[in-house]
K.L.:
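Following this message is one structure expressed as structure tokens.
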2 protein chains.
Amino acid sequence: MTSDTSVPESGPPANGLPRRAGIADVAARAGVSVGTASKALNGRGNLREETRARVRAAAEELEFAPSTVARSLLTGRTFTVGIITTDSYGRFSIPIMRGAEDALGLGEMLAFLCDSRDDPIREQHHIKRLLERRVDGIIVAGRRTDARQPVGRNLPVPVVYALAPSADESDISVTSDEPGAARLAIDHLVRTGRRRIAHITGPHSHASSRVRADSTVEALRAHGLELVGDPWFGSWSEAWGRFAVAQLLRSDPDVDGIFCGADVIARGATDALRESGASLPMQVGVVGVDNWVISAEAARPPLTTVDLGLQELGRRAGELLIAAIDGSPAPGLHTVPGHLVVRES
Amino acid sequence: MTSDTSVPESGPPANGLPRRAGIADVAARAGVSVGTASKALNGRGNLREETRARVRAAAEELEFAPSTVARSLLTGRTFTVGIITTDSYGRFSIPIMRGAEDALGLGEMLAFLCDSRDDPIREQHHIKRLLERRVDGIIVAGRRTDARQPVGRNLPVPVVYALAPSADESDISVTSDEPGAARLAIDHLVRTGRRRIAHITGPHSHASSRVRADSTVEALRAHGLELVGDPWFGSWSEAWGRFAVAQLLRSDPDVDGIFCGADVIARGATDALRESGASLPMQVGVVGVDNWVISAEAARPPLTTVDLGLQELGRRAGELLIAAIDGSPAPGLHTVPGHLVVRES
DNA sequence: GTGAAAGCGCTAACAG
DNA sequence: CTGTTAGCGCTTTCAC
């Protein structure tokens with residue numbers, strides 16, 4: 001029996017799956033050595049154009065896909081990174097992941113996704129697995145802006161913290177511009193003629209709530225205004241928005257603007273206002289935060305809101321990680337600005 | 001200069017990042033050969049317990065993390081899979097990814113996440129990159145139940161389609177039980193005494209809409225009932241739910257139950273009903289589909305809805321993929337049942 | 001019980 | 001211009 005193909009006669013894979021061609025197969029088919037085939041495919045060395053073409057053709061026919069695992073063993077780089085999210089792919093980590101993938105994709109990198117579900121043990125487990133897989137770097141995406149403990153000391157690869165910055169200031173972190181978000185909202189309300197502005201937000205235990213509330217007061221002061229009453233701390237829910245507005249209308253019936261710490265709160269607020277007979281946005285202007293489109297657009301009227309730029313934040317995280325991998329880490333806390341999305345409220 | 005450590009004196013990494021210990025370092029520190037170190041760490045071969053312990057201790061001190069890339073080169077398996085989503089981590093792919101990660105995690109596998117943004121070119125690009133990285137398998141997660149073209153013929157690794165099944169029936173696909181979902185909803189409405197039931201759903205161009213509508217009619221028939229009017233096809237939005245209800249109340253004011261093809265529609269429907277003066281759930285019962293908690297719980301009243309079991313679907317996809325990788329593929333269309341989540345509507 | 005050597009698929013340095 | 005060789009970090013025979 002003589003074989004008329006140059007593919008070595010190993011036994012069939014038995015999986016039913018097609019065999020994968022290696023560079024040796026390509027070389028054999030093109031009638032060159034593996035070294036030559038490698039050069040031809042990677043554009044290195046000095047080869048006759050005809051040889052290159054022959055090798056390329058052979059690779060094409062065999063559907064040759066070079067093994068990055070072999071290459072990684074050689075170069076020490078895998079062109080993969082790990083992304084650890086703490087919030088089960090919730091509404092914060094999603095845009096961040098998207099942005100990170102944008103930035104990483106440009107660097108031809110692929111991301112491993114790990115969901116730590118806010119469990120430090122799970123997180124450590126994931127770190128270990130990522131390190132074993134020799135990822136070139138790691139992004140840790142939180143779901144709050146509160147600082148968090150670093151994932152480890154002295155890891156062999158760079159780590160970038162997204163949204164929730166590391167408590168260690170020499171780490172690389174990116175977060176959103178919370179004071180700026182409050183300023184955007186307040187400026188918009190004032191610009192549209194509101195003077196008696198209240199603030200309804202999430203739990204006092206969240207850094208976001210506290211920072212936004214403080215910045216709201218400051219931003220008003222910059223316009224020579226005072227916040228109507230105290231900030232209303234509660235929860236990130238529509239029910240809280242409705243409830244707070246009911247109370248607010250009782251204590252300050254002449255309020256003409258409300259800045260809500262989240263779109264869900266703003267949505268509850270607009271519902272309550274509308275049902276109390278107020279006409280929106282004529283009598284009261286409402287601004288939310290998040291630009292969570294599905295919710296903001298369904299509200300009546302559609303919500304004007306501050307987009308925190310989470311996708312941009314993810315992109316920055318990806319870029320900072322790539323820079324660090326390439327040997328130019330930029331330690332410290334970086335900030336991404338948000339922007340106002342004007343709808344009808 | 002004599003070095004008092006067994007770590008070879010290669011120049012410093014210059015990144016500022018700590019050097020990674022290899023198995024050779026561990027072996028040297030434990031005073032054994034690399035072969036022995038390997039056996040000790042993997043529990044192979046016959047070694048003195050004391051030797052094993054010494055090696056383990058050395059590994060510990062050096063924070064040795066074995067390189068899976070080297071191991072993969074040897075074994076041909078990477079213990080990684082790719083997950084390609086078409087909907088930008090939207091609300092369908094998220095629970096699917098979560099479920100898949102559950103199943104894969106148990107097999108100690110890590111997933112690469114790729115967002116194709118519904119672009120076939122991007123998708124092919126991702127397939128290629130995943131294959132180069134020698135993933136052991138691929139999950140393709142859609143965002144609709146409409147069948148889709150396979151990602152490729154004769155790929156060297158198994159592929160499992162989630163939610164959107166492959167048009168090729170010899171591929172492995174998992175999807176949700178759409179007729180069953182309609183049955184769960186209708187059975188609930190009938191059980192709670194509704195007799196004049198209408199159906200408001202998404203675009204006629206979506207397989208889900210058509211299948212659910214047909215199954216709704218059948219399920220009613222099984223109870224000896226007829227659908228009130230024709231199914232209302234529209235869009236997956238609150239505004240459509242509100243609009244359709246307004247029309248419906250005009251044509252059939254005595255309707256006492258509405259099955260909505262999505263929670264967003266149901267939410268719009270409940271709003272419109274409430275604002276028309278109907279008291280819910282006394283006068284009209286509403287059931288949605290999706291169990292999209294954030295929306296279903298914020299509705300007034302909170303929505304009773306059919307959970308399609310997407311996370312379970314993801315888990316099944318992961319399990320089917322692992323089985324296929326292990327040489328036991330289960331070709332064909334698999335179905336995951338949903339379940340009713342009873343709230344107040 | 002332990003060590004030495006071969007080899008996974010590829011690239012890079014050096015011969016020819 | 002092209003082929004040969006060594007070696008990335010690990011596991012696995014096979015000697016000793």
K.L.:
Which atoms of nucleotides 14-16 of chain D (N or O only) lie under 3.5 Å from a protein N or O atom, and what are those distances?
P.N.:
none

K.L.:
From CG of B:Asp25 over to C1' of D:dG9, roughly how many Å is that when rounded to an integer?
P.N.:
11 Å
K.L.:
What is the distance, rounded to the nearest whole Å, between atom CG of B:Leu74 and atom C1' of D:dG9?
P.N.:
9 Å
K.L.:
With a 4.0 Å cut-off on N to O distance, would you call B:Arg117 and B:Asp119 a salt bridge?
P.N.:
no
K.L.:
Between D:dT2 and A:Arg48, is there an OP1 or OP2 to side-chain N/O distance shorter than 4.0 Å?
P.N.:
yes
K.L.:
With side-chain contact (heavy atoms from CB on, under 4.5 Å) as the test, pick out the partner of B:Asp102 among B:Met97, B:Glu319, B:Gln311.
P.N.:
B:Gln311
K.L.:
Using a strict threshold of under 4.0 Å (side-chain N to carboxylate O), is an ion pair present between A:Arg19 and A:Glu63?
P.N.:
no
K.L.:
Expressed in angstrom and rounded to an integer, what is the separation of A:Ile23 atom CD1 from D:dT4 atom C1'?
P.N.:
15 Å
K.L.:
Are there more than 12 heavy atoms of other residues, nucleotides or ligands under 6.0 Å from atom CD of B:Glu61?
P.N.:
yes
K.L.:
Which one of B:Asp146, B:Val336, B:Leu313 satisfies the side-chain contact (heavy atoms from CB on, under 4.5 Å) criterion with B:Leu163?
P.N.:
B:Leu313
K.L.:
Between A:Arg122 and A:Asp115, does any side-chain N to carboxylate O distance fall below 4.0 Å?
P.N.:
no
K.L.:
Using the heavy-atom set of chain B and a strict 4.0 Å cut-off, write down the first and last nucleotide of DNA chain C that makes it in, 5' to 3'.
P.N.:
C:dG1 to C:dG9
K.L.:
At under 4.0 Å, does any side-chain N or O of B:Arg44 touch on OP1 or OP2 of D:dT12?
P.N.:
yes
K.L.:
Using a heavy-atom cut-off of under 4.0 Å over every strand shown, decide if A:Ser67 touches base, sugar-phosphate, or nothing.
P.N.:
sugar-phosphate
K.L.:
So, B:Arg315 and B:Glu312, do they make that salt bridge, N to O below 4.0 Å?
P.N.:
yes
K.L.:
Quiz question: by atom type and distance under 3.5 Å, do the side chains of A:Asp168 and A:Ser170 form a donor-acceptor pair?
P.N.:
yes
K.L.:
Check every strand shown and say whether A:Gly35 touches a base, only sugar-phosphate, or nothing at a heavy-atom separation below 4.0 Å.
P.N.:
base
K.L.:
Grab the CG-C1' distance between A:Leu73 and D:dC10 for me, whole Å please.
P.N.:
8 Å
K.L.:
Rounded to whole angstroms, how far apart are CG on B:Leu47 and P on D:dT11?
P.N.:
13 Å
K.L.:
Nearest heavy atom decides the nucleotide; on that basis, is B:Thr36 or B:Ala70 closer to the 5' end of DNA chain D?
P.N.:
B:Ala70
K.L.:
Is the CD atom of A:Glu60 crowded by more than 12 outside heavy atoms at less than 6.0 Å?
P.N.:
no
K.L.:
Taking 4.0 angstrom as the limit, do B:Asp326 and B:Arg77 come out as a salt bridge?
P.N.:
yes
K.L.:
For B:Glu50, is there an ion pair with B:Arg54 - N to carboxylate O distance below 4.0 angstrom?
P.N.:
yes
K.L.:
Rounding to 10°, can you tell me the angle the first-five-pair axis of the helix from C:dG1-D:dC16 to C:dG16-D:dC1 makes with its last-five-pair axis?
P.N.:
50°
K.L.:
Rounded to the Å, how far apart are B:Arg20 CZ and D:dC8 C1'?
P.N.:
14 Å
K.L.:
With nearest nucleotides of DNA chain C determined for A:Val69 and B:Thr51 from heavy-atom distances, which residue corresponds to the more 5′ nucleotide?
P.N.:
B:Thr51
K.L.:
When you check the gap from the basic side-chain N to the acidic O, do B:Asp25 and B:Arg20 get nearer than 4.0 Å?
P.N.:
no
